[in-house]
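See below for the structure under consideration.
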Amino acid sequence: MSVLNGIAVPHPPLIVPNVGRGEEKKIENITSAMEEAAQKIVEAKPDTVVIISPHAPSYYDYIQLSKGAYGEGDLAQFNDPYDRFRIPYDQELVDAIESICMENGIPAGTLGKQDG
């Protein structure tokens, strides 16, 4: 197992047509950059994509790992009742990361608040 790539992208909800309602055309450069990043991920053919999000539960002294079968959400807070996501979690990887962190005294794991 190795890291194949690292990608960081801005992700304003405005890029989603049901949120932007035409305004997304003003930030096509961001959309293009995200499409290019997605293409790099597809070409790398990873077994798992690890997503680090500023929107996930976070703590000053603990790195939260999500557990369970999947994460899900929507864009309802942006008046978009249509776009939803549901992504499966690689629980085997989550367990391995949590174990390595515990063995090395790194304050990280699945003990904090979970999505949902």
Side-chain angles (χ1 to χ4, degrees):
M1 182 180 341
S2 63
V3 175
L4 301 176
N5 217 330
I7 299 171
V9 292
H11 54 283
L14 193 64
I15 67 170
V16 178
N18 286 326
V19 175
R21 293 178 176 78
E23 294 296 307
E24 69 277 7
K25 291 174 180 47
K26 294 179 181 177
I27 56 171
E28 285 181 334
N29 58 333
I30 294 174
T31 304
S32 294
M34 291 185 82
E35 289 170 350
E36 184 178 328
Q39 186 60 39
K40 287 183 180 190
I41 293 168
V42 169
E43 289 170 2
K45 298 180 182 171
D47 294 326
T48 297
V49 174
V50 176
I51 300 172
I52 301 171
S53 172
H55 306 292
S58 62
Y59 304 92
Y60 174 72
D61 59 349
Y62 188 76
I63 300 168
Q64 177 64 36
L65 304 173
S66 295
K67 68 177 178 180
Y70 59 87
E72 61 184 348
D74 59 44
L75 296 172
Q77 69 183 17
F78 302 105
N79 297 316
D80 175 359
Y82 306 106
D83 290 297
R84 302 185 54 77
F85 68 87
R86 184 174 184 165
I87 55 172
Y89 290 153
D90 183 339
Q91 193 58 55
E92 185 178 333
L93 179 61
V94 171
D95 292 344
I97 292 170
E98 185 172 39
S99 178
I100 291 167
C101 289
M102 288 177 64
E103 290 169 9
N104 290 282
I106 299 169
T110 61
L111 297 177
K113 180 182 182 282
Q114 296 294 317
D115 296 334

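Values below: all heavy atoms of this structure, side chains included; hydrogens, waters and symmetry mates excluded.
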Show which side-chain atoms of residues 93-102 pair as donor or acceptor with protein atoms under 3.5 Å away, not counting sequence neighbours.
| residue | atom | partner | partner atom | Å |
| --- | --- | --- | --- | --- |
| Asp95 | OD1 | Gln91 | NE2 | 2.9 |
| Glu98 | OE2 | Thr110 | N | 2.9 |
| Glu98 | OE2 | Thr110 | OG1 | 3.0 |
| Ser99 | OG | Glu103 | OE2 | 3.2 |

Less than 4.5 Å apart, side chain to side chain, heavy atoms only: is that true for Lys67 and Tyr89?
no
Would you check if Ile87 and Tyr70 make a side-chain contact, meaning some heavy-atom pair closer than 4.5 Å?
no
Could you check Ile30 against Glu24 for side-chain contact (heavy atoms from CB on, under 4.5 Å), going step by step and ending with a plain yes or no?
CA-CA 9 Å; Ile30 294 174; Glu24 69 277 7; over 6 Å; no
Using modelled atom types and a 3.5 Å cut-off, is there a donor and acceptor pairing between side-chain atoms of Tyr82 and backbone atoms of Ala76?
no
Least distance between heavy atoms, [X] atom then [Y] atom:
{"X": "Glu28", "Y": "Lys25", "result": "CG-O, 3.2 Å"}
{"X": "Lys40", "Y": "Asn5", "result": "CB-ND2, 4.2 Å"}
{"X": "Asp74", "Y": "Arg84", "result": "OD2-NH1, 2.9 Å"}

Below 3.5 Å, can you tabulate the donor-acceptor pairs from side chains in residues 41-51 to any protein atom, sequence neighbours excluded?
| residue | atom | partner | partner atom | Å |
| --- | --- | --- | --- | --- |
| Glu43 | OE2 | Gln39 | NE2 | 3.1 |
| Thr48 | OG1 | Asp90 | OD2 | 2.5 |

Once you round to the nearest 0.5 Å, how far does CG of Asn18 lie from CG of Asp83?
4.5 Å
Check Glu23 with Lys26, please: is the shortest side-chain N to carboxylate O separation under 4.0 Å?
yes
Can you list, pair by pair, the side-chain donor-acceptor contacts under 3.5 Å of residues 6-17, counting residues two or more places apart and other chains?
| residue | atom | partner | partner atom | Å |
| --- | --- | --- | --- | --- |
| His11 | ND1 | Val9 | O | 3.4 |
| His11 | NE2 | His55 | NE2 | 2.9 |

